[in-house]
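Step one of this worksheet: look at the structure below.
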There are 2 protein chains.
Amino acid sequence: MVKRVSLWDAGCPVARALDVIGDWWSLLIIRDAFDGVRRFSEFQTGLGIAKGMLATRLRDLTERGILESAPASDGTAYREYVLTAKGRGLFLVMVALRQWGEDHLYRPDEPKSSLVDTETGIPVARLEMRTEDGRPMDWNNTRVKKIEDR
Amino acid sequence: MVKRVSLWDAGCPVARALDVIGDWWSLLIIRDAFDGVRRFSEFQTGLGIAKGMLATRLRDLTERGILESAPASDGTAYREYVLTAKGRGLFLVMVALRQWGEDHLYRPDEPKSSLVDTETGIPVARLEMRTEDGRPMDWNNTRVKKIEDR
DNA sequence: AATTCCAGTTCTATTTTGAAACCAGAATCG
DNA sequence: CGATTCTGGTTTCAAAATAGAACTGGAATT
């Protein structure tokens, strides 16, 4: 069927994640889902995606357990797509992408949106990496440790 | 005539980020770069990517300031590709993807690799989101605030 | 000097995508 | 109620991206 390369079996969690949500549209659909978009037509007009693409993406994301379809909340007989727990788990990925985008992809004079606490309006702090015992950590102090199974 | 869609101008940092690194191969190349891969042939055999694809991806990533090409460190006349500061800024995206992948894409009995401190071997802690004043935060407590500039 | 290695480019066949036309069932209008 | 529009797709087709193989030319190795 799909001749496109997959690195699922390489055993790298990053490769697996990209296998699931690494195509062009998936993360944008998920971003919109985090923003409260639920209906086919909302995704379609909001993203400017072709309907055929959207249909297959929504189906794939649903099959993969990232979205699920539920009866529409407005009482109509239609259905809507909402994030599952697994899908909501991608929020930190979105935040990381957002922070990187804000840092590197805006001219200084360009207006930016920002992510804030709904109640207080206080912005989200930068994500940071620490060891499990709480010490700050830097990318060049890390390595990937293969765990032999069992 | 049919241009591939770009959401750069939507003003969303996530959309911009995906515009730059959102295609199928880029993040995998960047992942390998974080793992110390530098040479064309290393990327190529490591990823199983077609040479033509790799060549255009490396060019694009270089043009976009994520990689830069430098004289080879082994003394030969070849060149190698290394992450710029902007590229290294994607580390948290990788960590977020990795943690999500570990959480949701492995069967319980499957071996996983993990990211640890080079010195101590202590694993990296889970990323978490906090407000700037240090209170933990959840995805459903956030909203995107548009900033009108100037 | 001949051979192999490296980093590509070029070519072609196959997939994927984007856009538009079409469609059936649900909802809305008059 | 019947006619019309809305919703959520599917089908169709051309254009673009991709995988893979063959080819290239300079660098390194023998």
Side-chain angles (χ1 to χ4, degrees), chain A residues 1-10 15 18-29 32-33 36-64 67-82, chain B residues 1-10 15 18-29 32-33 36-64 67-82:
Chain A
M1 259 215 222
V2 188
K3 193 71 172 174
R4 187 193 228 162
V5 177
S6 159
L7 278 70
W8 181 272
D9 296 323
L18 292 173
D19 218 60
V20 177
I21 49 93
D23 72 276
W24 173 249
W25 285 111
S26 292
L27 277 173
L28 289 167
I29 291 168
D32 277 10
V37 172
R38 290 155 173 264
R39 293 282 284 264
F40 188 95
S41 57
E42 273 185 293
F43 285 108
Q44 207 243 308
T45 59
L47 291 169
I49 185 176
K51 293 167 92 178
M53 268 288 88
L54 180 58
T56 57
R57 285 290 159 268
L58 289 174
R59 176 156 24 80
D60 290 354
L61 289 171
T62 303
E63 276 169 10
R64 291 163 176 186
L67 297 176
E68 61 190 346
S69 99
S73 49
D74 62 357
T76 63
Y78 300 114
R79 307 202 53 91
E80 55 188 31
Y81 298 90
V82 295
Chain B
M1 289 299 191
V2 186
K3 274 271 174 161
R4 204 228 202 105
V5 177
S6 158
L7 279 70
W8 181 272
D9 296 322
L18 292 173
D19 218 61
V20 176
I21 48 92
D23 72 274
W24 173 248
W25 286 111
S26 292
L27 277 174
L28 289 166
I29 292 169
D32 278 10
V37 172
R38 292 156 173 264
R39 293 282 284 264
F40 188 96
S41 58
E42 274 185 293
F43 285 108
Q44 207 245 309
T45 59
L47 291 169
I49 184 176
K51 295 169 94 178
M53 268 289 86
L54 180 59
T56 57
R57 284 291 158 268
L58 289 174
R59 177 155 25 79
D60 289 354
L61 288 171
T62 303
E63 277 169 10
R64 290 163 176 187
L67 297 175
E68 62 190 346
S69 101
S73 49
D74 63 357
T76 62
Y78 300 114
R79 314 221 88 219
E80 54 188 31
Y81 299 90
V82 294

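Quick caveat: nothing in here was measured; it's all calculated off a predicted structure. Lettering of chains follows the sequences in order, A, B, ..., and the numbering in each one begins at 1.
- In this structure A/Arg38 satisfies the salt bridge (Lys or Arg N to Asp or Glu O under 4.0 Å) test together with A/Glu80, sequence neighbours excluded.
- At least one donor-acceptor pair closer than 3.5 Å links the side chain of A/Gln44 to the backbone N or O of A/Ile49.
- As rounded to whole Å, 13 Å separates atom P of D/dG20 from atom CG of B/Leu47.
- Taking atom CG of A/Asp60 as the reference point, atom P of D/dG9 lies 13 Å away to the nearest angstrom.
- Projected onto DNA chain C by closest heavy-atom contact, A/Trp25 and A/Thr76 fall at different nucleotides, the more 5' of which corresponds to A/Trp25.
- With sequence neighbours excluded, the residues satisfying side chain to side chain donor-acceptor pair (under 3.5 Å) with A/Arg79 are A/Ser69.
- Across the protein-nucleic acid pair, B/Ile29 atom CD1 and D/dT18 atom P stand 11 Å apart, rounded to whole Å.
- Following rounding to the nearest Å, A/Arg57 (CZ) and C/dG18 (P) show an atom-to-atom distance of 9 Å.
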Along nucleotides 4-10 of chain C, 5' to 3', which nucleotides get a B, which get an S, and which get a -, given that the test is a protein heavy-atom distance under 4.0 Å?
-BSBBB-
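- Not a single side chain to side chain donor-acceptor pair (under 3.5 Å) links A/Asp32 to another residue, sequence neighbours left out.
- Not counting sequence neighbours, the partners of A/Asp74 by the salt bridge (Lys or Arg N to Asp or Glu O under 4.0 Å) test are A/Arg39.
- Taking B/Thr56 as the reference, nothing meets the side chain to side chain donor-acceptor pair (under 3.5 Å) condition, with sequence neighbours excluded.
- The separation between A/Arg38 atom CZ and D/dT7 atom P is 17 Å, rounded to whole Å.
- The interatomic distance linking A/Met53 (CE) with D/dA16 (P) rounds to 16 Å, in whole Å.
- Protein atom CD1 of A/Ile49 is 10 Å distant from nucleotide atom C1' of C/dT17, rounded to whole Å.
- The interatomic distance linking A/Leu54 (CG) with C/dA20 (P) rounds to 16 Å, in whole Å.
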